[in-house]
Undergrad: 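This structure is in structure tokens; I'll ask about it shortly.
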Amino acid sequence: MDNESRDINIEQGIDAYIKGDLSENEINELWIQLFKRPEYINQLETEIDLVRLYRAREEEYENNESSNFREQFQELKSGKEMVSWKWFMAMAAIAIILFVSIRLLTGNHKKSKWKQVKASAHVTLSKDLASAQVIRSAETISSADSLLNIGFKAALGGNSSKAMKIYRSMLNNFSEPQLRAKVHFNMGILQYKAGKYDDCIDNFKKAVPNLKHVNLIKERAYWYIGNAYLKQQEPVRARLAIYRAHKIGKIYAKEESILLKQLNHQLGIKKPDN
Amino acid sequence: MEYSELVDAIKQNDRSKADKLLRRLMPRLLAFLRIHLNANQQDAEDCAQQALLTSLEAIRDEKIRNKDRLFSFLLTCCKNNYLNMMNRRNVHIHGDISHNNNSKPRQLSSLMNKERRTLLEHCLEQLSRGYKTFIDYWFKYPDSDARAAASHFNISVNNAWTRKHRVINKLNDCYKKKSEY
């Protein structure tokens, strides 16, 4: 297929179809176009295979990493890497003496930053909460957007319980996936702020699958999941979430990079993420 | 396919010509059933065959009057045939196809055949470094879009689509050649 015979609408349609962005009517329309231009069916199949290949690679990479952690932890646990228990104790005693002596000599009493990686997320409600999209040309606002804004206003005014009530009622009354994702995300933010880490992780996880094209919110969701896991002292899970946030890397790239380095160090991961 | 040719053949009762013309549509229907509904080859063939027969009747009864309508009719028939087939077998299809908004190709959810994966990996290796980097970016960040790719590679959005199109064509050609061996 040369450039002249290309149909950019079909190409963009294929891309949107693969990402799940088309309604059933749009899918029918795309397939009618594909029936007229069957050479594009091959393109669609190749793209589907590419998505599956990249997904499979990513899953393998993550599985390998998880099994690497497990192996490293197992090795440490079973003591394979230690020459003997006595030797280990002797070496540890020397290390402690040296460490204490150096600290006394240098007067450096600061806590080691590698000891336990700490969460570094700070909620700023006005920045973090998702609100309704503002479209200048729109003359009216939908009831869902209006509720989202009322929830936003309540949360900002310090009335989190009212905001949560509004968000819960929205979940009961609206089925649009992206809107529900925003509601779950906002609930997660309020719960993170209130220190309810289990609940906030649950809500962020519900939000993520439907935030396909809302990368900024999606990155925030992963970022807060990671930080919530850190609060719960679950570094392996925290690392995976921060890694996912870092792959989007539009808001907290620097902070994510620092946390990843610290977590890699804490978990003994030699191969850093790019 | 010339729609008028098909209608003429049906009206003149030239069954073999009508069959021949409709059969040309068979691979497209099979692709729809496999990709959109994740049907296996045997089920897809049965459903597509049935859809073609139904459409033949509909053209004869003048219920279908143009090519677009024929394609739309065939899509609906294929979908209904497949859903009925699954219902008869008591197989639950994840997500209601008829009312499901934002549905992706269902083939995405199935595992990739090992042979296809090897072929595709080989074909990716054959790409020039520039193309490989580009397609890596596009598919490693599936939530990203053409604008993001354009800005990442410092090219226009149109160029991003063109580049993607070229890479997919190259992969297609390579795939085809390798599959023939």
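Every chain is numbered from 1, with letters handed out A, B, ... down the list of sequences. Only this structure's heavy atoms are used, side chains among them; waters, hydrogens and symmetry mates stay out.
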Undergrad: Taking atom NZ of B/K170 as the centre, does the number of heavy atoms from other residues, nucleotides or ligands within less than 6.0 Å exceed 12?
TA: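 Atom NZ in B/K170 is not crowded, with 12 or fewer foreign heavy atoms closer than 6.0 Å.
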
Undergrad: I'd like to know whether B/F139 forms a side chain to side chain contact (heavy atoms under 4.5 Å, CB included) with A/I18, so could you lay out the CA-CA distance, the side-chain angles of the two residues, the decisive distance to 0.1 Å, and finally the verdict.
TA: CA-CA 11 Å; B/F139 285 95; A/I18 287 178; 5.7 Å; no

Undergrad: B/N81: what forms a side-chain hydrogen bond (donor to acceptor under 3.5 Å, both in side chains) with it, not counting sequence neighbours?
TA: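 Testing B/N81 for side-chain hydrogen bond (donor to acceptor under 3.5 Å, both in side chains), a comparison that skips the adjacent residues, returns none.
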
Undergrad: List the residues meeting side-chain contact (heavy atoms from CB on, under 4.5 Å) with B/D46, not counting sequence neighbours, and say none if there are none.
TA: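 B/Q42, B/M85.
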
Undergrad: Counting neighbours of CD on B/E115 that are heavy atoms of other residues, nucleotides or ligands and sit closer than 6.0 Å, is the number greater than 12?
TA: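 Count not over threshold, so no.
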
Undergrad: Kindly assign one of parallel, tilted or perpendicular to the pair A/Y40 and B/H165, based on the angle between their ring planes and the thresholds 30° and 60°.
TA: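 Rings of A/Y40 and B/H165: tilted, 30 to 60°.
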
Undergrad: Output the option from B/I168, B/D173, B/T76 having the highest count of non-hydrogen pairs under 4.5 Å with chain A.
TA: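 The candidate making the most pairs under 4.5 Å is B/I168.
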
Undergrad: Calculate, to the nearest 0.5 Å, the distance between atoms NZ and CD belonging to B/K164 and A/E47 respectively.
TA: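 So the NZ of B/K164 and the CD of A/E47 are separated by 3.0 Å.
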
Undergrad: Mind listing the closest non-hydrogen atom pair of B/F71 and A/K36 along with its distance?
TA: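 Answer, listing the atom of B/F71 first, then A/K36: CE1-CG, 3.6 Å.
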
Undergrad: Let me confirm one number: the CD-CZ distance from A/E45 to B/R34, rounded to the nearest 0.5 Å.
TA: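 The distance works out to 4.5 Å.
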
Undergrad: Measure the spacing between CG of B/N172 and CD of A/E39 and express it to the nearest 0.5 Å.
TA: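 Between B/N172 CG and A/E39 CD, I get 10.5 Å after rounding to 0.5 Å.
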
Undergrad: Once rounded to the nearest 0.5 Å, what's the spacing between atom CD1 of B/I135 and atom OH of A/Y54?
TA: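 Here the rounded value is 7.0 Å.
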
Undergrad: Applying side chain to side chain contact (heavy atoms under 4.5 Å, CB included) to B/R117 and A/R57, what does each step give before you reach the verdict?
TA: CA-CA 11 Å; B/R117 179 171 173 168; A/R57 280 178 176 178; 3.7 Å; yes

Undergrad: Taking atom CG as the centre, does B/N154 end up with more than 12 heavy-atom neighbours from other residues, nucleotides or ligands that are less than 6.0 angstrom away?
TA: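 Not more than 12 within 6.0 Å, no.
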
Undergrad: Can you tell which of A/I41, A/T46, A/L50 has the highest number of heavy-atom pairs within less than 4.5 Å of chain B?
TA: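 That would be A/L50.
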
Undergrad: Could you walk me through whether A/N28 and B/K79 pass the side chain to side chain contact (heavy atoms under 4.5 Å, CB included) test, one step at a time?
TA: CA-CA 11 Å; A/N28 278 348; B/K79 209 186 290 181; 3.5 Å; yes

Undergrad: With only heavy atoms counted, which part of A/F35 is less than 4.5 Å from chain B, the side chain, the backbone, both or neither?
TA: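 Both backbone and side chain.
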
Undergrad: With a 4.5 angstrom heavy-atom cut-off, is it the side chain or the backbone of B/L29 that approaches chain A, or both, or neither?
TA: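 Both parts, backbone and side chain.
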
Undergrad: Let me see the working for B/L119 and A/D49 under side chain to side chain contact (heavy atoms under 4.5 Å, CB included), right down to the final yes or no.
TA: CA-CA 11 Å; B/L119 276 182; A/D49 280 347; over 6 Å; no

Undergrad: Which of the residues A/N25, A/I48, A/I8 is involved in the greatest number of heavy-atom pairs with chain B at under 4.5 angstrom?
TA: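 Winner by heavy-atom pair count: A/I48.
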
Undergrad: A/Q12 versus chain B, heavy atoms under 4.5 Å apart: side chain, backbone, both or neither?
TA: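 Both the backbone and the side chain of A/Q12 come within 4.5 Å of chain B.
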
Undergrad: So, A/N42 versus B/Y175: side-chain donor-acceptor pair below 3.5 Å or not?
TA: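 Result is no, nothing qualifies.
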
Undergrad: Just how far is it from atom CD of A/E29 to atom CG of B/D68, taken to the nearest 0.5 Å?
TA: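 Reported value, rounded in 0.5 Å steps: 7.0 Å.
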
Undergrad: Taking C-beta and beyond as the side chain, do A/W31 and B/I35 meet within less than 4.5 Å on heavy atoms?
TA: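 They are in contact (side-chain heavy atoms under 4.5 Å apart), so the answer is yes.
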
